[in-house]
Amino acid sequence: MSRRLNKEILQRTYEENEDAFNSPEFSKALERFNELRAELDNAAETKLTYLAFDEVEDGRAGVKAAATSELPNEGVIEREKREWKAILEPFVEKGDTWLSAPWLVTEFYAYRRLIEAIGYYDKSNPATYLFDPFAVAKKAGLESSVNSAENMLEKIVKLPHTKEDKFKFVVCHLVRRVLNRLLP
């Protein structure tokens, strides 16, 4: 798990964003990113920790989460903090490492730690605030799926006429609009 995350996913993330990561505006983010990678290099010994939440610089400060009957006025940050604490508590309190905690927990934890390292929610740094480290990979995935989408559209158009024709038309129209925006 740690080898795949660090040597494949985080390495590819670095390579795809190398210019941004090596810019002066990303210096703290790159330092935290490298600290995360160092943890993964020593995953058998590195204990899981609670996530850090900077409510002063977090761009979500003051945003209310979807209301629940238990907590109708809870903010987004408070909810995320509470949820992550509940997820991590058994493993942090037991002293679990990246490798001794359940795989799914550490997988989600790793991606959340990446967002934390980059400063995704840090509104004090415009370069890192809402910076998507996977934008290059997402765009490549979309572009590589154009042929599949076009083939699907051809099949949808050839479906027999039914009372769902209006739905078929809307789907085709929306997919074509998305493809036209992706490909100049």
> Do you know which two heavy atoms are closest between S23 and A20, and how far apart they sit?
Replying inline: OG-O, 2.7 Å
> Considering all heavy atoms of both residues, which atom of A52 and which atom of E116 are nearest to each other, and what is their separation?
Replying inline: N-OE1, 3.1 Å
> Looking at E15 and R12, does any basic side-chain N land under 4.0 Å from a carboxylate oxygen?
Replying inline: no
> With a 4.0 Å cut-off, would you call D41 and R3 a salt bridge?
Replying inline: no
> Y109 versus I87: any side-chain heavy-atom pair under 4.5 Å?
Replying inline: no
> How far does OH of Y129 sit from CG of D122, to the nearest 0.5 angstrom?
Replying inline: 9.5 Å
> Would F108 and L88 count as a side-chain contact (heavy atoms from CB on, under 4.5 Å) if you check the C-alpha gap in whole Å, the side-chain angles of each, and the deciding distance to 0.1 Å?
Replying inline: CA-CA 11 Å; F108 290 163; L88 292 172; over 6 Å; no
> Would a 4.5 Å heavy-atom cut-off, applied to side chains only, mark L48 and T97 as touching?
Replying inline: no
>> Tell me if a side-chain donor or acceptor on N125 pairs with a main-chain N or O of G119 at a distance below 3.5 Å.
In response: no
>> Checking side chain to side chain contact (heavy atoms under 4.5 Å, CB included) between L5 and each of E107, Q11, R113, which is the one that passes?
In response: E107
> Got F91 and S100 here, is their nearest side-chain heavy-atom distance under 4.5 Å?
Replying inline: no
>> So does P133 get a backbone contact from the side chain of N17, meaning a donor-acceptor N/O pair under 3.5 Å?
In response: yes
> Should R112 and L51 be marked as a side-chain contact (heavy atoms from CB on, under 4.5 Å) after you check the CA-CA gap, both sets of side-chain angles, and the distance that decides it?
Replying inline: CA-CA 8 Å; R112 181 55 179 83; L51 295 168; 3.4 Å; yes
>> With a 6.0 Å cut-off on the ring centroids, do W84 and F53 count as close?
In response: no
> Minimum heavy-atom separation for P90 to A86, with atom names?
Replying inline: CD-O, 3.6 Å
> Hey, is the main chain of I9 close enough, under 3.5 Å, to the side chain of T13 for a donor-acceptor pair?
Replying inline: yes
>> Quick one, W98 with N42, criterion side-chain contact (heavy atoms from CB on, under 4.5 Å). Give me CA distance, side-chain angles, the key distance, then yes/no.
In response: CA-CA 9 Å; W98 281 92; N42 193 25; over 6 Å; no
>> What's the separation between atom CZ in F21 and atom CG in N34, rounded to the nearest 0.5 Å?
In response: 9.0 Å
> Do L40 and V105 share a hydrophobic cluster (ILVMFWY, side-chain heavy atoms under 4.5 Å, transitive)?
Replying inline: yes
> About how many Å separate CG of D132 and CD1 of I118, when rounded to the nearest 0.5 Å?
Replying inline: 8.5 Å
> Passes side-chain contact (heavy atoms from CB on, under 4.5 Å), Y111 versus F134? Steps please.
Replying inline: CA-CA 11 Å; Y111 284 102; F134 301 109; 3.7 Å; yes
>> I'd like to know if K47 and D96 make a salt bridge, using a cut-off of under 4.0 Å between side-chain N and carboxylate O.
In response: no
>> Any side-chain to backbone donor/acceptor pair from N6 onto R37? Under 3.5 Å, distance only.
In response: yes
> Once you round to the nearest 0.5 Å, how far does OG1 of T106 lie from CG of L99?
Replying inline: 7.5 Å
> Between atom OG of S144 and atom NZ of K139, what is the distance when rounded to the nearest 0.5 Å?
Replying inline: 12.0 Å
>> In the structure I gave you, are the side-chain heavy atoms of R32 and K28 within less than 4.5 Å of one another anywhere?
In response: yes
> Heavy-atom distance under 4.5 Å between the side chains of E89 and Y50, does that happen here?
Replying inline: yes
>> Using the rule that Ile, Leu, Val, Met, Phe, Trp and Tyr join whenever any side-chain heavy atoms are under 4.5 Å apart, tell me whether L104 and V92 fall into a single cluster.
In response: yes
>> Run the ring-ring contact (aromatic ring centres under 6.0 Å, His included) test on F33 and F26 for me, step by step, so that the C-alpha distance in whole Å, both residues' side-chain angles and the decisive distance to 0.1 Å come before the verdict.
In response: CA-CA 10 Å; F33 179 79; F26 267 78; 10.0 Å; no
